[in-house]
Amino acid sequence: MNHKVTLFAVIALLPFALLIIGFELLPLTAMIRDSFLADDGVTYTIKQYITALTNPYYTKGMLNSLLISVYSSCIGIAIAIAASYSMTRMPAKIQSMLVTFSNLTSNFSGVPLAFAFIILLGNSGVFTLLFKEWGWNITDSFNLYSWSGLVAVYVYFQVPLAILLLYPAYSGIHKHWRESASLLGASAFQFWLRIGLPVMIPSIVGTFSILLANAMGAYATAYALVGGSYNLLPIRIGALVAGDVVTRPQLGSALAVILGTMMVVAMWCNERMMRRFRRDLR
């Protein structure tokens, strides 16, 4: 019986395994191999990595991608912590509606999101013209096609994702804990400082690492909004692989490997911090 169950499980997992191999492992292997090729596509070399790590143009793109990811992740998780806690204080029916809404908005990204922001907050956007009619020229303090605009768009798709990840974590804080702390004379601030926050920290750290990786890999939204006018690593990779003027897919592969390594390092740091805060992982 166990043998039959095992055989059925293997057969059931076979399509998924083929999907992983065909659309993830094989492209990843090809990308790593191409990153060690010269521009002629034949000679093996580490020149592409040397160029990627020493050329100020590409190192600036790495720094910009890292900074915008950190900024948008910090802002997004701060908003999500407050929003997800507020959701837990509402009736169950409203909570379900808000979770559904967060799920929908978390999937609204890419070109449609950039187009929506352009319609609303672009130079001739609806809100831009409306505020101008009221005597406030929003373009004097905010430019959608700049750093601040990119951060605003990134935060938009970071917040719903963070809410979906943090909202279930509040269920780990039981009501009788608050009652017991209150009976012992603890204030609300003391409860969250000594009980609530330590329980939430692993979820907050894990969510932050996911937001960081999500922002670092974002391409379509940034490209649709600023094109090649802002130096971000995913945009540089796209230009090298499928550019209109010059293509250097080998260098693009090296940059992609570096981007993937940055994400892996972020996830590794997250796991180290999780082990520091969670006793069950020690």
Side-chain angles (χ1 to χ4, degrees), residues 28 31 49 52-53 55-84 102 105-114 116-117 121 142-166 169 200-241 252-274:
L28 178 62
M31 181 184 69
Y49 286 98
L53 296 173
N55 191 318
Y57 186 60
Y58 298 121
T59 55
K60 182 64 174 177
M62 298 177 197
L63 180 61
N64 287 341
S65 294
L66 183 61
L67 287 177
I68 198 171
S69 300
V70 171
Y71 271 83
S72 63
S73 299
C74 289
I75 297 172
I77 202 166
I79 296 173
I81 289 173
S84 53
S102 298
T105 52
S106 67
N107 290 286
F108 183 61
S109 59
V111 177
L113 176 61
F117 265 84
L121 294 171
F142 176 80
N143 182 9
L144 181 62
Y145 312 103
S146 66
W147 166 266
S148 57
L150 280 172
V151 171
V153 175
Y154 275 54
V155 168
Y156 178 88
F157 64 75
Q158 295 279 56
V159 170
L161 177 60
I163 289 176
L164 290 175
L165 295 172
L166 287 177
M200 290 292 298
I201 279 181
S203 298
I204 293 174
V205 172
T207 300
F208 180 81
S209 67
I210 293 174
L211 295 183
L212 192 67
N214 186 46
M216 288 186 67
Y219 168 74
T221 302
Y223 183 77
L225 191 65
V226 298
S229 62
Y230 198 82
N231 191 4
L232 292 175
L233 189 53
I235 294 178
R236 297 282 71 80
I237 294 171
L240 289 169
V241 174
S253 296
L255 290 172
V257 171
I258 293 173
L259 177 61
T261 303
M262 293 169 65
M263 292 183 182
V264 170
V265 170
M267 299 300 288
W268 178 80
C269 292
N270 162 66
E271 194 206 345
R272 298 294 298 177
M273 294 185 68
M274 291 276 284

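Throughout, residue positions are numbered sequentially from 1 according to the sequence presented. Predicted, not measured: the structure shown is a model, and the values here were computed from it. These numbers come from the heavy atoms of this one structure, side chains and all, not from hydrogens, waters or symmetry mates.
Note that CG of L164 is 5.5 Å distant from OG of S102, once rounded to the nearest 0.5 Å. For the atom pair CG (L232) and CG (L259), the distance works out to 11.0 Å, reported to the nearest 0.5 Å. A distance of 11.0 Å separates OG in S209 from CG in N214, rounded to the nearest 0.5 Å. Note that CG of L63 is 4.5 Å distant from CG of L67, once rounded to the nearest 0.5 Å. Distance check: L121 CG to F142 CZ gives 5.5 Å after rounding to the nearest 0.5 Å. Between L255 atom CG and S65 atom OG the span is 10.0 Å, to the nearest 0.5 Å.
Between the side chain of S69 and the main chain of M216, a donor-acceptor pair closer than 3.5 Å is present. Under the 3.5 Å distance criterion, the side-chain polar atoms of N143 are left unmatched by any main-chain donor or acceptor of S148.
Ring pair Y219/Y223 is parallel by interplanar angle, where below 30° counts as parallel and above 60° as perpendicular. Between W147 and Y71, the ring planes lie perpendicular to each other; the angle is over 60°, past the 30° to 60° tilted range.
Taking 4.5 Å as the limit, some side-chain heavy atom of L144 sits within range of a side-chain heavy atom of V153. Residues L240 and Y58 meet the side-chain proximity criterion, which asks for heavy atoms closer than 4.5 Å. Counting only heavy atoms from C-beta outward, the side chains of N64 and L233 never approach each other to under 4.5 Å. Considering only heavy atoms from C-beta on, F208 comes within 4.5 Å of C74 through its side chain. With a 4.5 Å cut-off on side-chain heavy atoms, Q158 and I77 do not count as touching.
Residues A220 and G110 share a closest heavy-atom pair of CB-CA, 3.9 Å. Minimum heavy-atom separation, M263 to A213: CE-O, 3.6 Å. For the pair A222 and Y154, the tightest heavy-atom approach, listed with the atom from each and the gap, is CB-OH, 3.5 Å. Considering all non-hydrogen atoms of both residues, I163 and A83 come closest at CD1-CB, 3.8 Å. Annotation for S106 and L161: closest pair CB-N, 3.9 Å, computed over non-hydrogen atoms. Taking all atoms of both residues into account, the shortest heavy-atom contact from N231 to Y57 is ND2-O, 2.7 Å.
Under the side-chain hydrogen bond (donor to acceptor under 3.5 Å, both in side chains) criterion, T59 pairs with no residue at all, not counting sequence neighbours. In this structure, the side-chain hydrogen bond (donor to acceptor under 3.5 Å, both in side chains) partners of Y49, at least two apart in sequence or on a different chain, are S35. Every residue two or more places apart in sequence or in another chain that forms a side-chain contact (heavy atoms from CB on, under 4.5 Å) with W268 is listed here: R272.
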